[in-house]
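Residue numbers begin at 1 in each chain, while the letters A, B, ... track the order of the sequences. Side chains included, hydrogens not; waters and symmetry mates left out as well; all remaining heavy atoms used.
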2 protein chains.
Amino acid sequence: MKKRSSIKDIARDCELSVMTVSRALRNAYGIHPKTRERILESAKRLEYIPNRLATNLVLRKTDTVGIVVPDIARSFFPALFRGLEMVLNERGYHLFLCCSYDQVVKEQEQVMALLERRVDGIILAPASISQSKGTIDCILSQGCPVVLVDRLVPGVQADTVTATDFEGAYEMVTHLIKQKYQNIVHVAGSQDIWTASERLRGYTEAMRAAKREIHPEHIVQTGFTFEDGENAAKMLLARKKMPDAIFCVNDPVAIGVYKTLRDNGIVIPDQVALTGFSAIAEGELLEVPLTTVRQDAQALGTEAANLLLARLNGLKTEMPVAKQVPTELVLRASTRNNK
Amino acid sequence: MKKRSSIKDIARDCELSVMTVSRALRNAYGIHPKTRERILESAKRLEYIPNRLATNLVLRKTDTVGIVVPDIARSFFPALFRGLEMVLNERGYHLFLCCSYDQVVKEQEQVMALLERRVDGIILAPASISQSKGTIDCILSQGCPVVLVDRLVPGVQADTVTATDFEGAYEMVTHLIKQKYQNIVHVAGSQDIWTASERLRGYTEAMRAAKREIHPEHIVQTGFTFEDGENAAKMLLARKKMPDAIFCVNDPVAIGVYKTLRDNGIVIPDQVALTGFSAIAEGELLEVPLTTVRQDAQALGTEAANLLLARLNGLKTEMPVAKQVPTELVLRASTRNNK
DNA sequence: CTGAAAGCGCTAACAA
DNA sequence: TTGTTAGCGCTTTCAG
């Protein structure tokens, strides 16, 4: 492994001072065109690539932003990442992507790694309502700008960008009620995660507004994945009486439910109506396309990126900014949609 | 924005030399337990987080690996990323994820950013057979270990991990021939991308082995996405005579074809058989589940990561290592599968 | 237009 | 067990 060449090697090669080389390489003023040309030629010949560790150390700036999401393999997050990347790359930032897998400890580790590498800012979809606060406070205490995206943590003094999870769920469930479904079950996600908790709240409030009673069997607790949906469906199938509508916390869960019900001969939407949340592409490809709530993941990304950029450029406001991206009902064949 | 504390602040706080603090923080030998305790307490109180820019500069090691993929939003790549991450995180490396969007210029930029940040190694799924060589040679010339994954670039002296694209395609097409399909069309991807070119080669060789003639209309040129599949299907629909089997370069394309054919009243597999490549989850959820070739994306990731780790730990071999991960035929309802 | 000195935050090597 | 010196590769002063 050969040694990489440095600014010093170029200086020696050109018989100039390190300083002149540094200036020429950065296109700074006050360098004789002839000199600059010699330097550039030498840099090329020596295969010089600047060492940004050194530059960043001096400048206290890395042009790097850290991203922490639960799991990049979940359909929603690549879209979000793309939104972030489009905006931030454009402005000269590079991205560190980390996954927390919804584990608080892992999240903490990843954030530490980012802080040690002195990223200019962090965009975080926190793993836990109850336990991520410490991690976020740690970022804040280092004076590192942070934007929470998709998920909130109450009581944290950070900028946030979320979708209207509560409103979306409320609207969805209200639609089901209007369609005269009598027994609407919510397959809910972990209540320690913001989006899941907001969607449950949307369900609850919509039911309450329609004077529907909510019994424990109306709520099935599960996770966020396809497999979690399969399990939830099995539990429902084991009951004496199936619901006539199921509102799932997200699309992967809904698709898991869909598949299990279908494999057990249940006809959607005739016997059971089914809905998800997020509008990932897969839902539309099902034999019976999935009614859902559209969330613009990429827009969440661009908004979060813009907010971070504003802070990076010195935006000072007393209060943290809380931005919401609207959701939209998407009615497809997995529910009855009269009128 | 308050100033972050450094090792120097702790030294002042404890009335010790910087060196002693450095040692204590790294759990090095030869520090009085009492002293270490004081230092640790002080570090905590001052909210000290080590500056790895400085450490990395001295140690010439960043514990960071750069990943460059075409597009993290494509189902295949999150799985690959996960494989990489599992292995590399475990061994203390953090990951820089970049997307090239199949653009050579963007790829070049991303690689430069990684090299400037002095990543310890790079894992790359190259954008172009004909144009990525320069970029890869640039990495190599810096003495930076690199592993090509999923896609190759001929004539490059780097370790590689690929799936058996040729064999998988050959097997698939041979199966279609055995099922007595007469007019088998290949919806091919860009021939400047390794996987697409290998799959076309698999198609061609299988046809040749069965003494089938290949005419220009047997091959439809398109891209890698769902939309590309839709376009290809429209072109086929416009023909006088539809094929009786379509082998698509990958699953997203196949699903795009599927949807367009279905929307035009074509029954799969009765009128047209359809197959993809990759076995992404979506293919199984279609009304008529998709016959395809399974590729273990995560395994590609773990293999590539292990290969890189070996190089990072000083593995020296004359020749680059070329590892292949097997593929497997997945027969589902979108093709006739007799016997 | 060019250069010398100092320092970013840390560690390796040697000395006390 | 602790401290001193030098230096990683670069940039910011301030001088020439």
Side-chain angles (χ1 to χ4, degrees), chain A residues 1-40 42-43 46-64 115-120 142-144, chain B residues 1-40 42-43 46-64 115-120 142-144:
Chain A
M1 160 137 31
K2 74 212 286 189
K3 202 182 160 304
R4 275 129 130 125
S5 47
S6 78
I7 218 173
K8 215 188 260 175
D9 299 312
I10 300 176
R12 195 180 313 113
D13 186 61
C14 297
E15 298 180 302
L16 284 167
S17 78
V18 160
M19 202 48 240
T20 307
V21 175
S22 169
R23 270 196 283 254
L25 258 18
R26 278 175 292 147
N27 291 309
Y29 293 113
I31 296 284
H32 192 96
K34 231 22 189 231
T35 315
R36 153 167 302 132
E37 208 170 298
R38 266 172 60 216
I39 291 173
L40 260 30
S42 169
L46 297 178
E47 298 180 321
Y48 170 75
I49 293 182
N51 186 335
R52 299 259 333 224
L53 295 174
T55 313
N56 295 344
L57 184 58
V58 176
L59 266 36
R60 298 154 182 287
K61 175 150 179 23
T62 54
D63 299 323
T64 305
L115 256 14
E116 291 181 358
R117 283 164 178 76
R118 293 299 190 262
V119 293
D120 293 336
Q142 297 292 311
C144 176
Chain B
M1 160 134 33
K2 75 213 284 189
K3 203 184 161 303
R4 275 129 128 126
S5 45
S6 78
I7 218 175
K8 216 188 259 175
D9 299 311
I10 300 176
R12 196 178 314 113
D13 186 61
C14 297
E15 298 180 304
L16 285 165
S17 79
V18 160
M19 202 50 237
T20 307
V21 175
S22 169
R23 270 194 285 253
L25 258 18
R26 279 175 293 148
N27 290 311
Y29 294 111
I31 296 286
H32 192 99
K34 243 348 195 254
T35 314
R36 155 169 299 133
E37 208 170 297
R38 264 171 62 215
I39 291 173
L40 260 30
S42 170
L46 296 178
E47 298 179 320
Y48 171 76
I49 294 182
N51 186 336
R52 298 259 333 226
L53 295 174
T55 312
N56 295 345
L57 185 58
V58 176
L59 265 36
R60 298 154 181 289
K61 178 154 178 18
T62 54
D63 298 323
T64 305
L115 256 15
E116 291 181 357
R117 284 164 178 76
R118 293 298 190 262
V119 292
D120 293 337
Q142 297 292 312
C144 176

Starting at [atom1] of [X] and ending at [atom2] of [N], how long is that distance when rounded to a whole Å?
{"X": "B:Asn51", "N": "C:dT11", "atom1": "CG", "atom2": "P", "value": "10 Å"}
{"X": "A:Arg12", "N": "D:dG9", "atom1": "CZ", "atom2": "C1'", "value": "13 Å"}
{"X": "A:Ile31", "N": "D:dT11", "atom1": "CD1", "atom2": "C1'", "value": "13 Å"}
{"X": "B:Ile10", "N": "D:dT2", "atom1": "CD1", "atom2": "P", "value": "15 Å"}
{"X": "B:Met19", "N": "C:dA16", "atom1": "CE", "atom2": "C1'", "value": "15 Å"}
{"X": "B:Tyr48", "N": "C:dC10", "atom1": "OH", "atom2": "P", "value": "4 Å"}
{"X": "A:Lys61", "N": "D:dT11", "atom1": "NZ", "atom2": "P", "value": "14 Å"}
{"X": "A:Leu25", "N": "D:dC10", "atom1": "CG", "atom2": "C1'", "value": "11 Å"}

Is there a donor-acceptor pair closer than 3.5 Å between any side-chain N or O of [X] and the backbone N or O of [Y]?
{"X": "B:Arg118", "Y": "B:Leu115", "result": "yes"}
{"X": "A:Arg23", "Y": "A:Gly30", "result": "no"}
{"X": "A:Asp13", "Y": "A:Asp9", "result": "no"}
{"X": "A:Arg117", "Y": "B:Thr62", "result": "yes"}
{"X": "A:Ser5", "Y": "A:Leu46", "result": "yes"}

Using a heavy-atom cut-off of 4.0 Å across all strands, would you classify [X] as base, sugar-phosphate, or nothing?
{"X": "A:Leu57", "answer": "base"}
{"X": "A:Arg52", "answer": "nothing"}
{"X": "A:Leu53", "answer": "nothing"}

So, does [X] get its side chain near the phosphate of [N], meaning an N or O under 4.0 Å from OP1 or OP2?
{"X": "B:Arg118", "N": "D:dC8", "value": "no"}
{"X": "B:Ser22", "N": "C:dC10", "value": "no"}
{"X": "B:Arg38", "N": "D:dT2", "value": "no"}

hbond_proxy A:Arg23 side chain to C:dG3 base (donor-acceptor, 3.5 Å cutoff):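 Yes, the side chain and the base share a sub-3.5 Å donor-acceptor pair.
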
D:dG9 base / A:Arg4 side chain donor-acceptor hit below 3.5 Å: no

The single option from B:Ile39, B:Leu40, B:Ile31, B:Thr35 passing side chain to side chain contact (heavy atoms under 4.5 Å, CB included) against B:Val21: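 Result: among B:Ile39, B:Leu40, B:Ile31, B:Thr35, B:Ile39 is the only option passing the side chain to side chain contact (heavy atoms under 4.5 Å, CB included) with B:Val21.
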
Which residue lies more 5' along DNA chain D, comparing B:Val18 with A:Thr55 via nearest heavy atoms: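 Here B:Val18 is the residue nearer the 5' end.
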
5′-ward residue of the pair B:Ser17/A:Ala54 relative to DNA chain D: B:Ser17

Just compare [options] and give me whichever is closest to any side-chain atom of [X].
{"X": "A:Val58", "options": "C:dG9, C:dG7, C:dA4", "result": "C:dG7"}
{"X": "A:Lys8", "options": "D:dC10, C:dC8, D:dC8", "result": "D:dC8"}
{"X": "B:Thr35", "options": "D:dT1, D:dT11, D:dC8", "result": "D:dT1"}
{"X": "A:His32", "options": "C:dG9, C:dC1, D:dC10", "result": "C:dC1"}
{"X": "A:Ser6", "options": "C:dC10, C:dG3, D:dC10", "result": "D:dC10"}

